[in-house]
Amino acid sequence: MPLSNPIFRRIGRLADEQGVRAFVVGGYVRDYYLRRPSTDIDVVVVGSGIALAEALGRELHARVSVFKTFGTAMVRAGGIEVEFVGARKESYTHDSRKPQVEAGTLEDDQRRRDFTINAMAWSLAEEDFGRLVDPFDGMRDLHEGIIRTPCDPDVTFSDDPLRMMRAVRFASQLNFRLFPETFEAIVRNRERIGIVSRERIAVELNKIVLSPVPSVGFDLLERTGLL
């Protein structure tokens, strides 16, 4: 049962009381289907993520870390971390991977994510608790072992070039393959990696080195021109 931890019902009830919709999204959903352990939970709220986090913190008597600049909040309880964020749309300038953010719908939030396998969500509302919301066929890509972007890959990688490194890292970690359009877009946008800090690149490189067969990742880095 993917949402067996009582904290999910609690978040859903609090969201219903506030009149907002809340969804578990991203890596926690992906890793459940891949049977990989995960204790980091991302919750997207169509409304205020901070308000929902604060309500959960009060109920659990847990510490809430609020990051108003980013519109996010973190609750740590029972050995797990839950990060709350309001659903949003993003737009980028050409020389920065830091987006301009505005409120959006759940689908806006899923569309802005890096890959389809990271854009799946579970509803936490009482009326449809546990329903999978998968507008970009992430489940199909998960079954087929494909790394693909929810929207135009040139836009995805130009907006945030670190996603090119993440594509290679996920392919290496999960033994997935890059969708042809994904691979070709990385080749076209490889020079954009220059606006990403060395520290962020090093984090992704370390994860490739620690993947089961690092040569898979380094081969992709070489063939795309990222290396």
Side-chain angles (χ1 to χ4, degrees), residues 1-5 7-8 11-12 15 20-50 52-53 56 65 67 70-77 79-90 97 99 101 103-125 128-143 145-151 153 156-157 159-160 162-174 176 179 182 200 203-204 207:
M1 176 67 182
L3 297 172
S4 57
N5 191 312
I7 199 168
F8 293 115
I11 294 169
V20 298
R21 297 295 302 269
F23 301 83
V24 179
V25 70
Y28 190 87
V29 181
R30 177 200 70 225
D31 286 344
Y32 170 79
Y33 293 116
L34 290 172
R35 294 180 171 83
R36 299 171 81 211
S38 182
T39 55
D40 295 343
I41 300 166
D42 292 319
V43 173
V44 166
V45 183
V46 186
S48 172
I50 292 175
L52 185 55
L56 180 66
S65 303
F67 309 96
F70 303 103
T72 66
M74 176 82 73
V75 179
R76 294 175 177 85
I80 61 174
E81 292 185 348
V82 186
E83 182 169 328
F84 293 81
V85 64
R88 62 196 194 185
K89 294 188 283 189
E90 295 179 342
R97 52 180 293 267
V101 175
T105 64
L106 173 66
E107 188 165 326
D108 288 331
D109 200 273
Q110 290 172 295
R111 183 179 291 108
R112 75 175 177 83
R113 293 180 178 268
D114 49 9
F115 309 114
T116 59
I117 62 171
N118 294 335
M120 298 183 289
W122 287 320
S123 173
L124 296 180
D128 62 351
F129 186 82
R131 177 175 65 91
L132 178 66
V133 185
D134 183 19
F136 303 107
D137 291 325
M139 186 62 74
R140 182 193 65 190
D141 291 346
L142 207 61
H143 286 309
I146 288 172
I147 304 297
R148 185 170 62 91
T149 60
C151 58
T156 295
F157 296 138
D159 280 350
D160 185 353
L162 185 65
R163 292 168 175 163
M164 297 187 288
M165 295 291 298
R166 285 171 57 82
V168 172
R169 186 250 290 184
F170 279 118
S172 190
Q173 281 183 330
L174 303 177
F176 278 24
F179 192 61
T182 305
R200 298 305 300 271
V203 168
E204 296 300 326
K207 290 178 179 179

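Just so we're clear, the structure is a prediction, and the values are computed from it rather than from any experiment. The chain is numbered in sequence order, starting from 1.
With sequence neighbours excluded, the residues satisfying side chain to side chain donor-acceptor pair (under 3.5 Å) with S123 are R21, D128.
The side-chain heavy atoms of L124 and F129, taken from C-beta on, include a pair separated by under 4.5 Å. Here the side chains of F136 and D141 are not in contact, with every heavy-atom distance at 4.5 Å or above. A 4.5 Å side-chain heavy-atom check between Y32 and M120 finds every atom pair outside the cut-off. Counting heavy atoms from C-beta outward, V85 and D42 have side chains that stay 4.5 Å or more apart. Side-chain contact between Y33 and H143 is absent, with no heavy atoms from C-beta onward closer than 4.5 Å. You'll find the side chain of L56 reaches within 4.5 Å of the side chain of I7, heavy atoms only.
In this structure, the separation between CG on L52 and CZ on F84 is 5.0 Å, given to the nearest 0.5 Å. Summarising the geometry, atom OG1 belonging to T72 is positioned 6.5 Å from atom CD1 belonging to I50; distances are rounded to the nearest 0.5 Å. Taken from CZ in R166 to CG in N118, the straight-line distance is 6.0 Å, to the nearest 0.5 Å. Between atom CE of residue M74 and atom CG of residue D40 there is a gap of 7.0 Å, rounded to the nearest 0.5 Å. Atoms OG and CD, from S65 and E81 in turn, are 8.5 Å apart once rounded to the nearest 0.5 Å. Taken to the nearest 0.5 Å, the CZ atom of R140 stands 5.0 Å off from the CZ atom of R148.
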*What's the verdict on salt bridge (Lys or Arg N to Asp or Glu O under 4.0 Å) for E107 and R111, showing C-alpha distance, side-chain angles and the deciding distance?*
CA-CA 6 Å; E107 188 165 326; R111 183 179 291 108; 3.0 Å; yes
*Take F176 and I117, measure what side chain to side chain contact (heavy atoms under 4.5 Å, CB included) needs, and give me the verdict at the end.*
CA-CA 11 Å; F176 278 24; I117 62 171; 4.2 Å; yes
*For W122 and L132, run side chain to side chain contact (heavy atoms under 4.5 Å, CB included): C-alpha distance rounded to whole Å, both residues' side-chain angles, the deciding distance at 0.1 Å, then the answer.*
CA-CA 5 Å; W122 287 320; L132 178 66; 4.0 Å; yes
_Test log, rule side chain to side chain contact (heavy atoms under 4.5 Å, CB included), inputs V44 and R113_ = CA-CA 12 Å; V44 166; R113 293 180 178 268; 3.4 Å; yes
*Check against side chain to side chain contact (heavy atoms under 4.5 Å, CB included), T156 and T182*: CA-CA 10 Å; T156 295; T182 305; over 6 Å; no
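A donor-acceptor pair is defined here as one N or O able to donate and one able to accept, closer than 3.5 Å; such a pair exists between the side chain of D108 and the backbone of T105.
Between A87 and L106 the shortest heavy-atom distance is CB-N, 4.2 Å. What you find for D114 and P150 is that their closest heavy atoms are O-CD, 3.3 Å. Contact detail for L3 and G130: the closest heavy-atom pair is CD1-CA, 3.6 Å.
The six-membered or imidazole ring of F8 lies near that of Y28, with a centre-to-centre distance under 6.0 Å.
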